[in-house]
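Each remark here refers to the structure printed beneath this line.
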Amino acid sequence: QVQLVQSGTEVKEPGASVTVSCEASGYTFSDFYIHWVRQAPGQSPEWMGWINPDSGALNYAEKFRARVTITRDTSTGTGYLELISLKSDDTAVYFCARGADYADAFDIWGQGTLVTVSP
Amino acid sequence: DIQMTQSPSSLSASVGDRVTITCRTSRYVNTYLNWYQQKPGKAPDLLIYSASSLQSGVPSRFSGRGSGTDFTLTITNLQPEDFATYYCQQTYSTPWTFGQGTKVEVK
């Protein structure tokens, strides 16, 4: 079935970097954008950016542009989110999501990866 | 950035009730407005896209309306599995933004 499977929980110290992976299966990876969304505890989701897996084109939210890098490996059907210079308020669940091909919406989501930033 | 305002922030309802949630955007978004349902510890699920189109597999008791800046999500005949938090999202311009959520609780 169509699914996105993310890497596991991360605990990082302030100032460190984290990379979260998102492996796609059940569909052609290059045919659908991959988006990254985060959700801090008790907060609403926050869109971070997208990648076109086919062309590699990117679009980042301005808020994260200086600290985030989204990449992909088409040979393995995997997307990646790297966030550097972590701060305590980066503590959140990070989701990857597939962009639907019939609307600007997210039709398939990964299970989420908890990233905790703590001294 | 386009600001999203949902109301109410929470509501209490009973099985069988009709529930309406409102989402207002700070600028015109045409019909680039989606609705998601989220249960604790889970990723959001797409319910409605393009303001009024029902996502495949979603029960027909869910419906969406609106265009421009004012939108509604209606759940008719509320079922036990519908108690959750609902978010609207605009995808008219980046950064794509979400509302603050509406929690539907058991009365």
Requested in this report: Heavy atoms only, distances under 4.5 angstrom: which of B:Gln89, B:Gln100, B:Lys42, B:Gln38 has the most pairs with chain A? Name it, please.
Outcome: B:Gln38
Does any non-hydrogen side-chain atom of [Y] lie less than 4.5 Å from one of [X]?
| X | Y | answer |
| --- | --- | --- |
| B:Trp96 | A:Met48 | no |
| A:Phe106 | B:Asn34 | no |
| A:Trp109 | B:Pro44 | yes |

Nearest heavy-atom pair of [X] and [Y]: which atoms, and what distance?
| X | Y | answer |
| --- | --- | --- |
| A:Gly110 | B:Ala43 | O-CB, 3.4 Å |
| B:Thr91 | A:Asp104 | OG1-O, 3.0 Å |
| B:Tyr49 | A:Ala105 | CB-CB, 4.1 Å |
| A:Pro45 | B:Phe98 | O-CD1, 3.2 Å |

Requested in this report: Say whether, by atom type as modelled, one donor and one acceptor occur between the side chain of A:Ser44 and the main chain of B:Gly99 under 3.5 angstrom.
Outcome: yes
Other residues, nucleotides, ligands: >12 heavy atoms within 6.0 Å of [X] [atom1]:
| X | atom1 | value |
| --- | --- | --- |
| B:Arg61 | CZ | yes |
| B:Tyr32 | OH | no |
| A:Arg67 | CZ | yes |

Is it true that [X] and [Y] fall in one hydrophobic cluster, defined by side-chain heavy atoms closer than 4.5 Å?
| X | Y | result |
| --- | --- | --- |
| A:Trp36 | A:Leu83 | yes |
| A:Val68 | A:Val37 | no |
| A:Trp50 | A:Phe32 | no |
| B:Leu11 | B:Met4 | yes |
| B:Leu46 | B:Tyr87 | yes |

Query - Part of A:Gln39 within contact of chain B (heavy atom distance under 4.5 Å) - result: side chain
Report task. Let me know if B:Tyr92 has heavy atoms under 4.5 Å from chain A in its side chain, its backbone, both or neither. Result -> neither
Requested in this report: Give the member of A:Glu62, A:Lys63, A:His35 that has the highest number of heavy-atom pairs under 4.5 Å with chain B.
Outcome: A:His35
